[in-house]
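Below is one structure, written out as structure tokens; comments come after it.
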Amino acid sequence: MTTNADIETVGAPAWWKHGVIYEIYPRSFQDSNGDGVGDLPGVIARLDYLVELGIDAVWLTPIFASPMVDFGYDVTDYTDIDPLFGDLAGFDRLVAEAHRRGLKLILDYVLNHTSDQHPWFKDSRASRQSGRRDWYVWRDPAPDGGPPNNWRSEFGGASWTFDAASGQYYYHAFLSAQPDLNWRNPAVVEAMMGVLRFWLDRGVDGFRVDAVHHLFESESFADNPPNPDWVQGMPPAYQLLRPHTVDLPEVHDVVAAMRSLAEGYDQRVLIGEAYLPIDRLVTYYGRALGGFHLPFNFHLISTPWTPAAIAALVDEYEAQLPLGGWPNWVLGNHDRPRLASRVGAAQVRTAAMLLLTLRGTPTLYQGDELGLPDVPVPPDQVRDPFEINLPGLGLGRDPVRAPMPWSGEPNAGFSASEPWLPLDPNWRRCNVDIQSQDPDSTLSFYRRLIALRRSEKALLAGAYRRVAVTDSLLAYERSFGARQLLVILDLGGQGGRLGVPAARILMSTDSSREGEPISPGALTVRPNQGLVLRLDR
Ligand code: GLC
């Protein structure tokens with residue numbers, strides 16, 4: 001029988017296989033200087049919170065110098081920290097403080113585009129003769145003077161902006177303030193590999209590689225065809241299929257080069273951000289696994305929340321993973337609606353149990369451990385350019401970026417002054433202080449769940465086998481050697497009964513049942529309940 005257990009025969013398993021990754025959106029994590037925006041000293045001040053939570057690695061969204069049109073995803077200097085967040089000395093302190101606590105630190109590497117204020121782009125734009133003209137993607141207008149083709153920006157409108165002074169259009173997969181670098185130019189490749197080296201030499205443990213599937217555009221510059229499956233509610237950019245702008249084969253050469261570079265250092269991880277169907281996503285492990293260690297798997301965010309759909313997703317993913325490719329799962333991030341708002345408050349813990357007991361590396365998004373919902377943002381306080389460009393479609397990302405509620409102090413202990421985005425109106429009842437003191441809180445549940453994961457080889461490295469799917473329940477086994485765990489999740493909210501062998505409850509979404517022995521027979525699972533059982537053998 002084949003097994004998908006992770007049986008490493010030499011040395012200890014890589015940290016990124018068994019660790020839990022925690023995403024910090026620094027603007028909204030902890031402010032230390034009272035400007036209403038989070039910063040690096042704020043992150044340092046909260047590292048002990050992360051240790052207590054039990055996570056292994058922190059991924060920080062971009063902290064580089066930026067005009068912040070897309071909140072750091074528009075970089076003007078890849079080797080400096082934006083003053084809003086701190087400075088290089090403060091960054092070195094963060095690395096040291098994280099490492100002292102056994103935490104890894106992962107940076108966000110925004111390589112597809114720079115800011116239009118980056119000196120490289122200013123130079124490129126200056127004239128057609130500029131030495132850096134070819135560092136970006138420039139094209140002549142169409143015969144009618146319009147954009148060169150029909151390509152669309154992810155954030156609405158054409159992905160071409162006309163530069164009147166030099167008479168050409170430049171390409172941007174995102175905002176016009178985010179011109180795409182031309183990765184066909186070896187000088188760009190060299191400069192950007194230098195950026196990776198700069199941070200690796202400074203001790204970072206890896207990178208989350210931003211929007212990597214957008215890296216190349218086809219040299220034919222042909223129109224993208226219409227998408228027959230587009231429906232209202234999907235971003236307008238998806239009205240077109242994107243064979244000429246997304247997931248081009250050339251991307252893999254760049255990823256392989258990044259991987260070779262990372263291999264020159266000890267235990268560094270590369271995580272790729274690519275929203276792609278599973279069969280395409282798994283190609284990002286690279287030929288002979290020479291690509292990303294972890295191509296982010298976002299499918300739990302978009303798959304319908306039913307036992308059948310989730311079971312099918314896990315099966316498809318497990319089946320398509322390349323031999324030796326390590327799986328990973330994500331339930332939320334700074335770009336997608338919050339877990340609690342997507343699946344409902346009643347499912348938050350069951351969803352967490354799914355994330356932390358599936359096979360592979362889990363990534364948590366800050367605040368999900370409190371069960372935070374999306375926070376409505378009134379129109380006059382909207383900050384996200386996605387929402388500003390395409391208002392009212394529900395695409396805006398401000399609601400998932402509300403500041404962390406730490407305590408009952410003014411501004412929830414996040415800042416001495418008014419935060420840059422509104423707090424969850426419920427922050428006085430739902431914050432870290434209150435949840436820390438309550439053994440039955442969502443935060444306490446997350447702490448126990450992460451601790452269980454850490455202590456159970458079957459969860460860290462064991463094989464996955466689907467056991468049952470009903471209208472409401474999903475059950476699967478995780479096993480390593482003789483150790484067998486059975487995870488039963490009521491994802492449908494109806495509860496149900498399931499035949500189980502003799503077992504003991506290791507963990508339950510309602511702590512009351514923990515430790516309870518189960519005799520063989522039909523086990524009753526309450527609505528929204530999740531259970532981890534240890535089978536007696
Ligand atoms: C990624 C980031 C997102 C950003 C975009 C452009 O998808 O996660 O926040 O707006 O890339 O850089």
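Computed from a predicted model, the values in this text were never measured in an experiment. When a ligand or atom number is given, it counts from 1 through the structure's own listing order.
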Task: Closest contact, heavy atoms only, Val37 versus Asp31 - done: O-OD1, 2.9 Å
- [ ] Could you tell me the residue and atom name of the protein heavy atom closest to atom 4 (C) of ligand 1, and the distance to it rounded to 0.1 Å?
- [x] Asp70 OD2, 3.4 Å
Open item on the list: Only heavy atoms of His334, strictly under 4.0 Å: list the atoms of ligand 1 that pass.
Closed with: 2 (C), 3 (C), 8 (O), 9 (O)
Open item on the list: Please list, in number order, the atoms of ligand 1 under 4.0 Å from a heavy atom of Arg401.
Closed with: 9 (O)
- [ ] Check if His172 has a non-hydrogen atom at a distance under 4.0 Å from any atom of ligand 1.
- [x] no
Open item on the list: Give me the nearest non-hydrogen protein atom to atom 7 (O) of ligand 1 as residue plus atom name, then the distance to 0.1 Å.
Closed with: Glu273 OE2, 2.8 Å
Open item on the list: With a 6.0 Å cut-off on the ring centroids, do Tyr317 and His299 count as close?
Closed with: no
Task: Proximity to ligand 1 by part of Glu23, non-hydrogen separation under 4.0 Å - done: neither
Open item on the list: So if I count the atoms of ligand 1 from 1 in the order they appear, which ones are less than 4.0 Å from some heavy atom of Phe155?
Closed with: 10 (O)
Open item on the list: Suppose we measure from atom 8 (O) of ligand 1 to each protein heavy atom; which comes out shortest, and what is that distance?
Closed with: Asp335 OD2, 2.4 Å
TODO: Give me the ring orientation class for Trp138 and Tyr170: parallel if the planes are under 30° apart, tilted from 30 to 60°, perpendicular past 60°.
DONE: perpendicular
Task: Sequence neighbours excluded - ring pair (Phe, Tyr, Trp, His ring centres under 6.0 Å) pairs with any residue from residues 387-406 - done: Phe29-Trp406, Tyr49-Trp406
Open item on the list: Looking only at protein heavy atoms, which one is nearest to atom 1 (C) of ligand 1, and what is the separation?
Closed with: Asp210 OD1, 2.7 Å
Task: Residue His113 vicinity, atoms of ligand 1 by number, heavy atom under 4.0 Å - done: 6 (C), 12 (O)
TODO: Quick one: closest heavy-atom pair of Gly72 and Val110, and the distance?
DONE: O-CG2, 4.4 Å
Open item on the list: If the cut-off is 4.0 Å to any non-hydrogen atom of Arg397, which atoms of ligand 1 fall inside it?
Closed with: 3 (C), 4 (C), 9 (O), 10 (O)
- [ ] Could you tell me if the ring centre of Trp199 sits under 6.0 Å from that of Tyr265?
- [x] no
TODO: Answer with yes or no after comparing the ring centroid distance for Tyr285 and His293 against a 6.0 Å cut-off, counting only values under it.
DONE: no
Open item on the list: Using the salt bridge (charged side-chain N to carboxylate O under 4.0 Å, His left out) definition, which of the options Arg139, Lys122, Arg125 pairs with Asp163?
Closed with: Arg125
